Structures are given as structure tokens and as C-alpha cells.
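Here's the structure, in C-alpha cells; my notes come after.
Every chain is numbered from 1, with letters handed out A, B, ... down the list of sequences. As the structure is a prediction and not an experimental result, all values here were calculated from the model.
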Amino acid sequence: MGRSPCCEKAHTNKGAWTKEEDQRLVAYIKAHGEGCWRSLPKAAGLLRCGKSCRLRWINYLRPDLKRGNFTEEEDDLIIKLHQILGNKWSLIAGRLPGRTDNEIKNYWNTHIKRKLLARGIDPQTHQPLSGAAANAPSSRLQDQLAAARSSCSPQTSGAGHSSDEDSASVPYLGGIDLNLSLSPPSQPSSPVAAVAN
DNA sequence: AATATGCGCAACCGCTCCGTG
DNA sequence: ACACGGAGCGGTTGCGCATAT
């Protein structure tokens, strides 16, 4: 269906951002704040699509980004949250201060997936892989997930929209207080503390 | 030392959601 | 109530770097 493109593709840069572009974007947002992304590139003097600017800022330039290796706690938290939320990376990111949805998504696909498979756990369903279950070490996490499964509504896959963002039905998983109400990333609600086992 | 292969990160694309007129 | 436009999200791709052969 004919939807107007978000930008004039012919007049926009693509690919890796240059230092100068970064500086322009940061300077503009510092001066004016995150406003209308569609008009931002023009106002900031950037030959970029608004979407691209938003992504660059959120995933790379934001001052509150943590960057660097994920800790074991973050690992576990991501796995637990994924068990509840499915591929709702933005929601998961909301519980991990300083982390972005893109970063978590990449980390999941490159590290955690493999880690779970090595444990004999299906990364999508979080169920033991058939036949490999015996090989899976009896981790504490596994027990927690099993317990959670029996107490939470079984809405995996994240396809079930709306309900998983419904903070009225706050899921509770093995000591994780999953208040899923969205909070700006800059105001973390100390999720790691919530894990406190 | 050169080449092939694998891995990880950054960025893009298309779709959906949500607010507004 | 409906249509439109902007913002946000998730999936996928491309590129550069590291490691293996």
C-alpha cells in the first residue's frame, strides 16, 4: 500500500555514521532535546533519515549508555525476562538500565541463544530440548523458570500483544518483580535489585 | 603470509501501534 | 468512526574484525 517514505531516500546518507554526523546529532539534541525525529535531520543539518537519527541516538550516542560486556546478572535477567516477554526487546531493555533493545537483541542472538542450546534449552520456548534434556545441567535458573511457568499465564512468543504490557497483571517470576509498566531508560527502576534472590 | 571462515555489531527495512484531525 | 502521519519495534542484512587453516 502506498505509504509515503519516511524520508527522501535520494538525498539521504546511508551506512556508517561519521564523527561529524555524530557530533551534529549530539549537539542538536543537547540543544533542543529529542523532538520530532522526522524534522530533526533537516534542522540539525544532517543528510539522514529521521529514523536513522533516532536509532543512532538511542543505540549509540545516548549519554546514559553502559556499553561493554554483559554481567552474569544481566545474562540471567535477560533470559528470565525473555521467558516472560518473548522477543519484546524494548520491554526487556527497559529493565536493564544503560542497555538498548538492539544491543540486547544482538546479545541474545549471538551469545545467549548458544548458551541455552548448550544447556539443552530451547531458546524460543525455554523448554528442554527433546532428547537433550538429560544433558542439561540442573541450574537454578531452570527451576525458577519451571516454577514461573506454572504460575504465569503461558503467553510465550510475545505475539499476544497488549496483554504482556498490561502492568495490571504483573507477572512474578522467581523473585523478579516484573512491573512491566514502561519507564524511560534514563530512569531505571533498578531491575537487577529486583532479581535479588 | 595469504586466504577462508566465523562472529559480533551497527544499521536498515518493513510493519504495527498510537495519537490527532 | 475513520483516515492519516509519525514514532517505535522486531527481524534481517552488511560490513569489519578476529581466528583458523
Atom pair distance, as rounded to whole Å: [atom1] in [X] and [atom2] in [N]:
X: A/Arg54; N: B/dA10; atom1: CZ; atom2: C1'; answer: 15 Å
X: A/Leu91; N: C/dG8; atom1: CG; atom2: P; answer: 14 Å
X: A/Lys105; N: C/dT13; atom1: NZ; atom2: P; answer: 12 Å
X: A/Lys113; N: C/dT12; atom1: NZ; atom2: C1'; answer: 11 Å
X: A/Arg99; N: B/dC9; atom1: CZ; atom2: C1'; answer: 13 Å
X: A/Gln124; N: C/dG10; atom1: CD; atom2: C1'; answer: 12 Å

*Please assess A/Asn87 against A/Gln124 for the test side-chain contact (heavy atoms from CB on, under 4.5 Å), listing each intermediate value before the final yes or no.*
CA-CA 9 Å; A/Asn87 295 357; A/Gln124 274 312 307; 4.0 Å; yes
State which of [options] makes the closest approach to the side chain of [X].
X: A/Trp37; options: B/dC12, C/dG8, C/dG6; result: C/dG8
X: A/Asn106; options: C/dG8, B/dA10, C/dG10; result: B/dA10
X: A/Asp101; options: B/dC12, C/dC9, C/dT12; result: C/dC9
X: A/His111; options: C/dG8, C/dT12, B/dC9; result: B/dC9
X: A/Asn87; options: C/dC9, C/dT12, C/dG11; result: C/dG11
X: A/Cys36; options: C/dA7, C/dG10, B/dC12; result: C/dA7
X: A/Lys51; options: C/dG10, B/dG14, C/dA7; result: B/dG14
X: A/Thr110; options: C/dA7, B/dC9, B/dA10; result: B/dC9

_Sugar-phosphate, base or nothing in reach of A/Asn102, heavy atoms under 4.0 Å_ = base
*So what does A/Tyr107 touch, heavy atoms closer than 4.0 Å: a base, only the sugar-phosphate, or nothing?*
nothing
*Using modelled atom types only, decide if a donor and an acceptor are shared between the side chain of A/Thr110 and the backbone of A/Asn106 within a distance under 3.5 Å.*
yes
_Can you tell me whether the side chain of A/Lys88 and the base of C/dG10 have a donor-acceptor pair closer than 3.5 Å?_
no
*Is any side-chain N of the basic residue among A/Asp75 and A/Lys115 closer than 4.0 Å to the acidic one's carboxylate O?*
yes
*Does A/Lys66 come within less than 4.0 Å of A/Glu74, counting only side-chain N to carboxylate O?*
yes
*Does any donor atom in the side chain of A/Asn13 or A/Glu21 lie under 3.5 Å from an acceptor atom in the other side chain?*
yes
